[in-house]
Amino acid sequence: MKRTHNNGELTIHNIGETVVLKGWVAKKRDLGGLVFIDLRDIKGITQLAFNPTSSLYEKTLEIKNEYVLEIKGKVIERSSKNKNIPTGEIEVEVEELIVLNTAKQPPIMIQDDTDALEETRLKYRYLDLRRPVLQNNFLVRHQTVKAVREFLNQEDFIDFETPILTKSTPEGARDYLVPSRVNLGTFYALPQSPQIFKQLLMISGFEKYYQIAKCFRDEDLRSDRQPEFTQIDIETSFLNQEEILDVSERMIKHVMKSVKGIDLTEKFPRITYQEAMDKYGSDKPDTRFEMYLENLSSIAAKTTFSVFLNTLEHGGIVKGIKVQNGANLYSRKGIDQLTDYVKKFKANGLAFLKMQDDVLSGSIIKFLEKEVQAELIETMGLVNNDLVLIVSDKENVVAQSLGNLRRYIAREQKMMDEEDYDFLWVIDWPMFEYKEDQGRYFSHHHPFTMVQEKHLDDLYHAPEKAIAYCYDLVVQGQELGGGSIRIHQEEIQNRVFDILGISKEEQQIKFGFLLDALKYGTPPHGGIAFGLDRLVMLLLHTENIRDVVAFPKTNSAQCLLTEAPSMVADDQLLELAIKTIK
RNA sequence: GGUCUUGUGGUGUAGCGGUUAACAUGCCUGACUGUCACUCAGGAGAUCGCGGGUUCGAUUCCCGUCAAGACCGCCA
């Protein structure tokens with residue numbers, strides 16, 4: 001029989017119609033003679049009714065949850081209605097019933113509020129994905145991709161595919177390697193991103209490229225990180241930073257409108273990297289709440305607290321955050337917990353001061369003269385019941401610990417609204433970061449990032465001061481995307497490789513083709529890439545990337561469903577001339 | 001590589017140095033004509049992740065190991 005309707009669409013207006021439905025048994029309720037079956041498909045649930053007089057009654061006895069049914073029947077009005085579901089006013093009086101398939105008892109309950117452990121859910125992911133909540137997640141993911149494509153197609157972007165089997169590149173993350181059978185002893189790498197290919201396409205003259213691109217990085221997983229993930233990858237020729245930010249912003253707004261129905265009319269605010277680090281202690285600040293980092297170094301210098309004084313003497317800094325009403329929210333024990341938290345970020349401790357009844361008290365109060373206290377109260381604008389939390393350490397430790405602490409407290413105190421989309425551009429990133437333990441410069445973004453013209457000289461004299469045409473889109477304390485204007489002149493590219501300590505030979509081996517390409521009339525170009533998984537997570541308000549990836553990997557990068565990765569047959573290895581070390 | 005949390009019937013949890021290992025749900029049997037997490041009665045179902053140690057005795061305490069999760073390192 002041909003299906004006439006899905007299980008989510010029949011309403012009071014269909015009464016009297018004869019319909020054919022297909023789907024899974026979500027629930028059977030046998031009242032003894034009178035039997036109800038909730039039939040579920042991707043669109044929803046329809047109640048089937050079997051009268052005691054029905055010749056099909058006997059047949060319903062054998063039906064269990066998750067059986068697959070095909071039915072024909074008449075839509076009738078329910079005598080007792082269920083206002084909780086869209087189809088709750090009608091039911092289908094079944095006249096024909098075909099069991100398309102039976103089902104074993106499922107190991108997890110196919111319900112939105114399943115309490116099965118993730119381990120079980122992942123092993124039986126195909127059943128987990130039958131749950132309407134998860135099905136909705138992937139519908140939203142689909143709508144997001146659809147909206148992105150709509151927008152970019154409209155703007156004349158061209159959808160490309162770039163190789164999955166490609167060349168290993170230095171810098172950045174660890175590569176996934178694939179052995180070549182035809183060229184024994186050599187390896188392809190899976191792309192960390194299609195970076196170089198999209199630049200080559202600009203050199204080819206396509207001008208506007210996009211790809212919903214799978215990317216691979218062999219690094220440890222997190223709740224928002226999978227070894228393979230998807231980027232909305234974009235590259236353009238002749239557009240400057242301003243123009244790229246504009247088209248990106250319009251794309252995100254189009255997605256927000258299409259998927260969530262939210263009109264974002266304001267221009268996304270901008271903040272420089274330096275300002276973000278100073279004020280929020282993070283390059284991806286959550287701007288939904290204040291609790292700014294305040295530099296207290298000059299006040300700390302006037303205290304008699306040796307920890308502060310030592311820190312300052314060794315070139316460190318002292319910063320604090322103000323937690324409004326925090327004096328009530330955090331007892332001594334609560335502050336101990338916060339102290340443990342900042343220790344994860346290498347902070348040695350957490351000093352605190354409480355303002356109560358117009359008097360300051362706290363762990364370090366005896367080191368603060370009255371005038372110093374007054375200056376602190378003035379600087380931080382303290383009023384009664386405020387709590388001040390202070391970290392003194394090297395600049396990056398202070399930023400990291402306080403930056404994370406302010407988010408931790410905000411989360412604990414529920415100071416953030418998940419429907420508050422605080423999109424923010426972080427711009428003016430440094431070109432390089434000097435890593436002391438490795439004694440050399442590393443690209444902040446990647447080695448193809450263009451220096452701002454006014455900082456061109458710095459490339460030759462003070463690389464650490466050079467500022468790039470580089471930008472990240474941040475929302476709710478998450479990096480959603482990032483990109484840069486690329487270098488299109490061979491000379492600058494060579495200089496950047498020099499700064500990174502990549503030798504001439506290595507440059508030729510790794511990037512010779514790109515350096516060659518730059519000689520043949522490369523247009524100014526630049527682009528951006530957005531994390532699709534994270535975008536969908538944002539739209540769904542989930543903290544777990546596994547909720548938006550159909551077949552995700554566990555923390556140890558395994559797929560519990562297929563049991564990948566796995567051993568392979570000896571002759572497969574032999575063919576590749578690969579020997580494993582036990 | 002490191003820190004922390006968890007592992008008990010199919011599923012999710014409780015529990016305790018000596019128990020008949022508890023509860024919910026699911027499953028099976030029976031009853032039930034308006035349910036929608038149907039209800040009611042009865043029943044089956046667990047070598048307490050694995051290995052070792054302490055102990056008269058370990059599911060419980062200790063060590064190791066495996067697996068899952070969160071985080072740090074790593075990663076844009």
Side-chain angles (χ1 to χ4, degrees), chain A residues 26-39 45-54 57 61 64-66 76-85 87-89 91 93 104-124 127-128 171-175 192-193 195 215-227 229 231 283-284 340-347 400-401 404 408 426 429 433 437 442-446 449 470-474 478-484 528-531 534 543-544 546 553-556 558 560:
Chain A
K27 189 76 196 175
K28 184 173 94 171
R29 289 178 293 278
D30 181 352
L31 279 67
L34 180 63
V35 175
F36 298 107
I37 289 176
D38 287 341
L39 195 67
I45 280 181
T46 301
Q47 175 164 288
L48 311 179
F50 298 81
N51 271 310
T53 52
S54 167
Y57 175 69
L61 295 180
K64 298 187 171 64
N65 284 350
E66 301 309 315
I76 57 171
E77 186 169 4
R78 288 197 200 179
S79 53
S80 59
K81 296 178 177 176
N82 181 354
K83 300 285 185 190
N84 297 322
I85 59 171
T87 61
E89 291 192 281
E91 65 192 6
E93 194 174 40
K104 276 176 63 179
Q105 185 196 338
I108 62 171
M109 286 182 253
I110 316 294
Q111 289 170 11
D112 281 357
D113 55 350
T114 188
D115 48 7
L117 288 180
E118 203 144 10
E119 199 171 340
T120 318
R121 289 175 45 201
L122 289 181
K123 183 167 178 191
Y124 298 96
L127 296 179
D128 196 27
E171 303 277 310
R174 194 176 293 113
D175 286 319
Q192 295 177 26
S193 79
Q195 183 59 37
C215 305
F216 306 85
R217 289 174 190 164
D218 187 5
E219 296 294 347
D220 285 354
L221 292 85
R222 284 287 190 283
S223 54
D224 62 350
R225 246 162 51 191
Q226 285 272 307
F229 59 98
Q231 282 189 345
D283 57 13
K284 41 180 193 290
D340 284 342
Y341 180 74
V342 295
K343 281 181 177 167
K344 287 205 297 196
F345 306 100
K346 305 252 169 63
Q400 218 198 341
S401 45
N404 280 294
Y408 181 85
V426 179
W429 290 63
E433 180 187 9
D437 50 335
F442 282 79
S443 289
H444 229 292
H445 186 58
H446 59 52
T449 304
C470 188
Y471 31 86
D472 270 10
L473 183 64
V474 171
Q478 289 271 329
E479 179 201 338
L480 199 58
S484 61
I528 191 163
F530 297 91
R534 284 186 184 171
E543 305 250 294
N544 194 330
R546 285 176 241 107
K553 310 259 187 306
T554 64
N555 257 356
S556 53
Q558 289 180 312
L560 296 180

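Letters A, B, ... are given to chains in the order of the sequence lines, protein chains preceding strands, and every chain is numbered from 1. Please read these numbers as outputs of a predicted model, since none were measured by experiment.
Looking at the side chain of A:D220, the nearest of the listed nucleotides B:rU35, B:rA76, B:rG73 is B:rG73. Residue A:F36 places its side chain closer to B:rG34 than to any other of B:rA37, B:rC75, B:rG34. Of the candidates B:rG26, B:rU33, B:rC75, B:rG26 carries the atom nearest the A:N65 side chain, counting heavy atoms from C-beta on. Comparing B:rA68, B:rC75, B:rC36 by their closest approach to the side chain of A:N82 singles out B:rC36. Proximity note for A:Q105 (side chain, C-beta onward) versus B:rG69, B:rU11, B:rG10: the nearest is B:rG10. Here B:rG69 is the nucleotide among B:rG69, B:rU25, B:rC38 with the atom lying nearest to any side-chain atom of A:E118. With distances taken from any side-chain atom of A:Q47 to the nucleotides B:rC72, B:rA70, B:rC36, the minimum falls on B:rC36.
Comparing the same atom, P, in B:rG9 and in B:rU60 gives a spacing of 15 Å after rounding to whole Å. With C1' as the reference atom, B:rC63 and B:rU54 are 10 Å apart, rounded to whole Å. If you take atom C1' in B:rU47 and the same atom in B:rU59, they sit 11 Å apart, rounded to whole Å. One P atom belongs to B:rC23, the other to B:rA14, and the distance between them is 15 Å to the nearest Å. Annotation: B:rU6 and B:rG49 have their P atoms spaced 13 Å apart (nearest Å). For the P atoms, the distance from B:rU5 to B:rA46 is 31 Å, rounded to whole Å. Taking the P atom of each, B:rG12 and B:rC74 are spaced 35 Å apart, rounded to whole Å. Across B:rG18 and B:rU13, the matching C1' atoms stand 24 Å from one another, rounded to whole Å.
If you check B:rA76 for Watson-Crick or wobble pairing at under 3.5 angstrom, you find it has no partner at all. Of the nucleotides present, none pairs with B:rG45 by Watson-Crick or G-U wobble criteria with both distances under 3.5 Å. Using the Watson-Crick or G-U wobble rule with both distances under 3.5 Å, B:rU35 pairs with nothing in any strand shown. Nucleotide B:rU5 forms a pair with B:rA68, judged by Watson-Crick or G-U wobble geometry with both contacts under 3.5 Å. Using the Watson-Crick or G-U wobble rule with both distances under 3.5 Å, B:rA22 pairs with B:rU13. B:rC40: Watson-Crick or G-U partner is B:rG30, with both key distances under 3.5 Å.
The shortest side-chain heavy-atom distance between A:N404 and A:Y341 falls under the 4.5 Å cut-off.
No side-chain donor-acceptor contact under 3.5 Å links A:N51 to the backbone of A:T53. Under the 3.5 Å distance criterion, the side-chain polar atoms of A:E219 are matched with a main-chain donor or acceptor of A:R174. Using a distance-only test at 3.5 Å, with no hydrogens or angles considered, no donor-acceptor pair links the side chain of A:S443 to the main chain of A:H445. Proximity of a side-chain donor or acceptor of A:Y471 to a complementary backbone N or O of A:S484 within less than 3.5 Å is detected.
Residue A:P52 is in base contact, counting any heavy-atom pair closer than 4.0 Å across all strands shown. Among the protein residues, A:D283 comes within range of the nucleic acid bases, having at least one heavy atom under 4.0 Å from a base atom. No contact: A:K284 has no heavy atom under 4.0 Å from any strand. A:R546 comes within 4.0 angstrom of the backbone, heavy atoms only, and of no base. Within 4.0 Å (heavy atoms only), A:H444 reaches at least one base atom of the nucleic acid. Using a 4.0 Å heavy-atom cutoff across all strands shown, A:Q400 reaches sugar-phosphate atoms only and no base atom.
One can place CD1 of A:I110 at 14 Å from P of B:rG26, the figure rounded to the nearest angstrom. Per the geometry, CG belonging to A:L221 stands 15 Å off C1' belonging to B:rG1, to the nearest Å. Note: CD (A:E119) to P (B:rA67) measures 10 Å, nearest angstrom. Rounded to an integer number of Å, the gap from A:N544 CG to B:rA68 P is 14 Å. A:F229 has its CZ atom 13 Å from the P atom of B:rC75, to the nearest Å.
A:E91 contributes a side-chain N or O that forms a donor-acceptor pair with the base of B:rG34 under 3.5 Å. Judged by atom type and distance alone, A:R225 reaches the base of B:rC75 through a side-chain donor-acceptor pair under 3.5 Å.
Using a 4.0 Å cut-off, some side-chain N or O of A:Q558 falls inside it from OP1 or OP2 of B:rA68. In this structure, A:K81 does not reach the B:rG34 phosphate: none of its side-chain N or O atoms is under 4.0 Å from OP1 or OP2. Phosphate proximity of B:rA68 to A:S556: present, with a side-chain N or O under 4.0 Å from OP1 or OP2. Considering only side-chain N and O atoms, A:T554 lies under 4.0 angstrom from the phosphate OP1 or OP2 of B:rA68. Of the side-chain N and O atoms in A:N84, none sit less than 4.0 angstrom from OP1 or OP2 of B:rC36. Here A:R29 reaches the OP1 or OP2 of B:rC38: one of its side-chain N or O atoms lies under 4.0 Å away. In this structure, A:K123 does not reach the B:rA67 phosphate: none of its side-chain N or O atoms is under 4.0 Å from OP1 or OP2. Between A:S223 and B:rC71, a side-chain N or O to OP1/OP2 separation shorter than 4.0 Å is present. Contact annotation: A:R222 reaches the phosphate of B:rC72 (side-chain N/O to OP1 or OP2, under 4.0 Å). Note on A:K27: a side-chain N or O is less than 4.0 Å away from OP1 or OP2 of B:rG26. Distances shown here put every side-chain N or O of A:S193 at or beyond 4.0 Å from the OP1 or OP2 atom of B:rA76.
Using a 4.0 Å cut-off between a side-chain N of Lys or Arg and a carboxylate O of Asp or Glu, A:E66 and A:K104 do not qualify as a salt bridge. Comment: A:K284 does not engage A:D472 in a salt bridge, judged by the lack of any side-chain N to carboxylate O separation of less than 4.0 angstrom.
In this model, a donor atom of one side chain and an acceptor atom of the other lie less than 3.5 Å apart for A:R29 and A:Q47.
Other residues, nucleotides and ligands contribute more than 12 heavy atoms inside 6.0 Å of the NZ atom of A:K81.
The 5' end of RNA chain B is approached more closely, in terms of each residue's nearest nucleotide, by A:D30 than by the other of A:G482 and A:D30. Checking A:E77 against A:L122, the closest nucleotide of RNA chain B that is more toward the 5' end is the one next to A:E77.
Aromatic rings from A:F50 and A:Y57 are positioned such that their centres are separated by 6.0 Å or more.
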